[in-house]
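Read the structure below first, then the notes.
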Amino acid sequence: MNPFRPGAGLEPRYIAGRENEYQVFERLIKSAPEIPGNLIISGLRGTGKTVLLNNLKGICDDYNWIHISREYNERFSNEAEFSQAVATDILTKIKGLSIAFDLKEIGGRFFEVIRDSSFTYKDFSVKLGKMSEKQLLEDYFLELLNESAQIIKSADIGGVVFLYDEFHTIVDQKSKRQFPLSSFIGALSQAQRDGAPFVLVATGLPQIQTNFIKAKSYSERMFRVVKLANLSAEETKKAFSETLKESKISFDNKLIDYLVENTGGYPYFIQFYGYFILENIPKENITLDDVKEIEPLLLQELDASFFDARYNKASDSEKIVLHTIANLADEADYSDIRKALKYSHETLVKMVSRLEEKGLLFRPSRGRFRFTVPLFNNYLIRKDKQ
Ligand SMILES: Nc1ncnc2c1ncn2[C@@H]1O[C@H](COP(=O)(O)OP(=O)(O)OP(=O)(O)O)[C@@H](O)[C@H]1O
Ligand SMILES: [Mg+2]
């Protein structure tokens with residue numbers, strides 16, 4: 001069986017690097033709840049956020065903390081859906097605890113509190129619809145957290161970790177009077193100050209950090225931010241050699257160097273290249289020359305399965321903007337893009353924000369634009385040459 005696993009959230013056979021990220025999390029758990037702390041894991045698509053998040057579960061288990069996992073999407077970015085998701089998850093865990101630890105009395109009180117705050121499971125969203133004030137949802141969350149903290153403390157466990165994936169999709173929308181994010185952060189912060197044993201780990205695309213700061217400016221002090229980047233050359237080499245270890249197949253050194261260079265240490269590409277090579281070269285000792293022979297096929301497949309769909313989200317004129325950036329570098333100043341293109345300021349601003357909405361560009365800093373997908377610039381340059 002092919003040991004490489006290109007995909008979304010697929011556990012790789014060997015997880016390269018990320019020791020620092022595990023350590024940061026472990027330290028948080030060790031210090032909580034006395035010194036509360038939370039974690040934002042931000043990174044581009046395919047950098048390994050979901051895999052990392054899943055692997056934090058093991059650390060939770062080691063320290064006897066329970067974990068609540070959920071993958072969010074835009075649908076949850078309103079108060080009703082979001083609070084229902086959060087409450088349902090907590091409720092499910094607490095129910096399990098009160099049964100396991102025979103905490104009927106405390107458990108009963110908890111469910112009373114939930115009912116009093118108008119939580120009856122089925123018509124929950126209906127009742128929350130009446131909550132037009134941000135304060136109300138924040139209060140609701142605070143009560144939910146504090147009451148469940150009581151049960152957690154009575155049960156013999158350390159606390160609860162929220163492992164929230166794709167959390168950049170949860171944003172406040174002032175115009176719609178929807179404040180799911182600030183309500184949750186606000187309540188969490190207060191509950192943690194009161195000693196409630198919760199830790200939030202939220203992963204998402206790079207805008208997640210800005211979302212949090214916009215929602216509550218003090219969230220900067222509540223969260224450690226870990227930016228998941230591509231793996232280093234050493235880690236990338238290990239990703240290949242360790243993954244191959246239990247198979248009879250080996251890559252020669254020149255090939256490994258080529259892979260370090262051509263995958264850029266991007267986790268998804270490591271799995272993709274490894275998988276494709278093994279599928280298409282039925283040999284035990286694979287060399288760089290073997291791979292060079294199938295390179296056109298490999299790039300074709302990579303473009304078709306990975307890049308094309310992303311590229312085709314852009315309109316024809318937006319594509320011109322993308323090619324311009326690729327020819328500057330994989331990141332460019334707005335002013336340089338404008339110079340190269342000679343569009344009016346208004347037109348270009350519209351185009352780049354549409355490209356941001358389509359998830360193709362983001363702003364790593366003010367006035368700069370970068371591709372959300374690693375090595376997208378190489379792809380665009382390949383296309384230029386076709
Ligand atoms: N540390 C690692 N070492 C080797 N391979 C990895 C590592 N982390 C992730 N991968 C591989 O990279 C690919 C992408 O991982 P994952 O789905 O976790 O990324 P992601 O950041 O969650 O992506 P997305 O933003 O699209 O959800 C998977 O095929 C996974 O097996
Ligand atoms: Mg993911």
Side-chain angles (χ1 to χ4, degrees), residues 1-25 39-59 69-74 76 162-170 201-209 211 225-247 251 256 259-260 262-279 298 301-302 305-307 309-310 313 356 358-362 364 370-376:
M1 210 178 66
N2 198 319
F4 290 97
R5 313 195 69 202
L10 279 183
E11 182 77 13
R13 181 170 282 189
Y14 175 77
I15 299 181
R18 310 306 185 212
E19 292 86 4
N20 175 50
E21 287 77 7
Y22 290 124
Q23 250 182 33
V24 169
F25 178 68
L39 187 60
I40 292 176
I41 299 170
S42 84
L44 299 180
R45 290 262 164 244
T47 43
K49 300 179 294 296
T50 302
V51 164
L52 177 62
L53 201 61
N54 280 331
N55 280 283
L56 299 183
K57 289 177 188 166
I59 301 178
S69 295
R70 189 178 273 274
E71 182 185 301
Y72 284 93
N73 59 53
E74 283 79 7
F76 291 97
F162 298 102
L163 299 173
Y164 283 168
D165 205 4
E166 298 277 313
F167 206 60
H168 63 276
T169 54
I170 304 301
V201 183
T203 74
L205 296 177
Q207 64 263 34
I208 189 173
Q209 205 182 343
N211 294 348
V225 179
V226 168
K227 292 184 180 161
L228 272 203
N230 292 345
L231 297 166
S232 70
E234 271 323 297
E235 290 164 347
T236 306
K237 281 182 188 173
K238 263 186 128 174
F240 284 107
S241 57
E242 293 290 323
T243 305
L244 288 172
K245 225 168 202 172
E246 278 163 44
S247 69
F251 289 176
I256 297 273
L259 289 169
V260 168
N262 283 272
T263 61
Y266 177 45
Y268 175 77
F269 285 175
I270 292 174
Q271 303 299 327
F272 179 90
Y273 272 74
Y275 187 88
F276 193 89
I277 290 171
L278 262 55
E279 288 300 298
L298 185 149
E301 173 74 19
L302 185 64
S305 69
F306 185 79
F307 287 120
R310 289 175 165 80
K313 280 189 193 170
E356 276 182 285
K358 291 177 180 175
L360 290 162
L361 288 181
F362 75 103
R370 195 182 169 89
F371 296 124
T372 54
V373 175
L375 306 179
F376 199 48

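Along the sequence shown, residues carry numbers from 1. In listed order, ligands and their atoms are each counted from 1.
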**Prompt:** Is Lys238 reaching over with its side chain to a backbone N or O of Ala16, donor-acceptor style, under 3.5 angstrom?
**Reply:** no
**Asked** What is the minimum heavy-atom distance between Gly204 and Lys49, and which atoms define it?
**Response** O-CD, 3.5 Å
**Sphere of radius 2.8 Å around the Mg ion (ligand 2) - protein N, O or S atoms inside** = Thr50 OG1
**Asked** Does Phe307 have any ring pair (Phe, Tyr, Trp, His ring centres under 6.0 Å) partners at least two apart in sequence or in another chain, and if so, which?
**Response** Phe269, Phe376, Tyr379
Output, or 'none' if empty, a list of ligand 1-protein atom pairs in which both atoms are N or O and the distance is under 3.5 Å, rounded to 0.1 Å.
residue: ligand 1; atom: 1 (N); partner: Ala16; partner atom: N; Å: 3.4
residue: ligand 1; atom: 1 (N); partner: Ala16; partner atom: O; Å: 2.9
residue: ligand 1; atom: 3 (N); partner: Ala16; partner atom: N; Å: 3.0
residue: ligand 1; atom: 5 (N); partner: Gln271; partner atom: NE2; Å: 2.9
residue: ligand 1; atom: 17 (O); partner: Gly9; partner atom: N; Å: 2.5
residue: ligand 1; atom: 18 (O); partner: Thr50; partner atom: N; Å: 3.3
residue: ligand 1; atom: 18 (O); partner: Val51; partner atom: N; Å: 2.9
residue: ligand 1; atom: 19 (O); partner: Gly48; partner atom: N; Å: 3.0
residue: ligand 1; atom: 21 (O); partner: Thr47; partner atom: N; Å: 3.2
residue: ligand 1; atom: 21 (O); partner: Gly48; partner atom: N; Å: 3.0
residue: ligand 1; atom: 21 (O); partner: Lys49; partner atom: N; Å: 2.9
residue: ligand 1; atom: 21 (O); partner: Lys49; partner atom: NZ; Å: 2.8
residue: ligand 1; atom: 22 (O); partner: Thr50; partner atom: N; Å: 2.9
residue: ligand 1; atom: 22 (O); partner: Thr50; partner atom: OG1; Å: 2.8
residue: ligand 1; atom: 23 (O); partner: Gly46; partner atom: N; Å: 2.8
residue: ligand 1; atom: 25 (O); partner: Arg45; partner atom: NH1; Å: 2.7
residue: ligand 1; atom: 25 (O); partner: Lys49; partner atom: NZ; Å: 2.7
residue: ligand 1; atom: 26 (O); partner: Arg45; partner atom: NH1; Å: 3.3
residue: ligand 1; atom: 27 (O); partner: Arg45; partner atom: NH1; Å: 3.4
residue: ligand 1; atom: 27 (O); partner: Glu166; partner atom: OE2; Å: 3.4
residue: ligand 1; atom: 29 (O); partner: Arg5; partner atom: O; Å: 2.7
residue: ligand 1; atom: 29 (O); partner: Gly7; partner atom: N; Å: 3.1
residue: ligand 1; atom: 29 (O); partner: Gly7; partner atom: O; Å: 3.3
residue: ligand 1; atom: 31 (O); partner: Arg5; partner atom: O; Å: 3.4
residue: ligand 1; atom: 31 (O); partner: Leu10; partner atom: O; Å: 2.6

**Request:** For Tyr273, enumerate each residue passing the ring pair (Phe, Tyr, Trp, His ring centres under 6.0 Å) test, keeping only those at least two apart in sequence or located in another chain.
**Result:** none
**Prompt:** Should we count NZ of Lys227 as having more than 12 external heavy atoms under 6.0 Å?
**Reply:** no
**Item:** Parallel, tilted or perpendicular, as decided by the 30° and 60° cut-offs, for the rings of Tyr72 and Phe76
**Value:** perpendicular
**Asked** Under 4.5 Å between any side-chain heavy atoms of Tyr268 and Arg45, yes or no?
**Response** no
**Message:** So which atom in Leu360 and which in Lys313 form the shortest heavy-atom distance, rounded to 0.1 Å?
**Reply:** CD1-CB, 4.2 Å
**Request:** Answer yes if the side chains of Asn55 and Glu11 hold a donor-acceptor pair under 3.5 Å, and no otherwise.
**Result:** yes
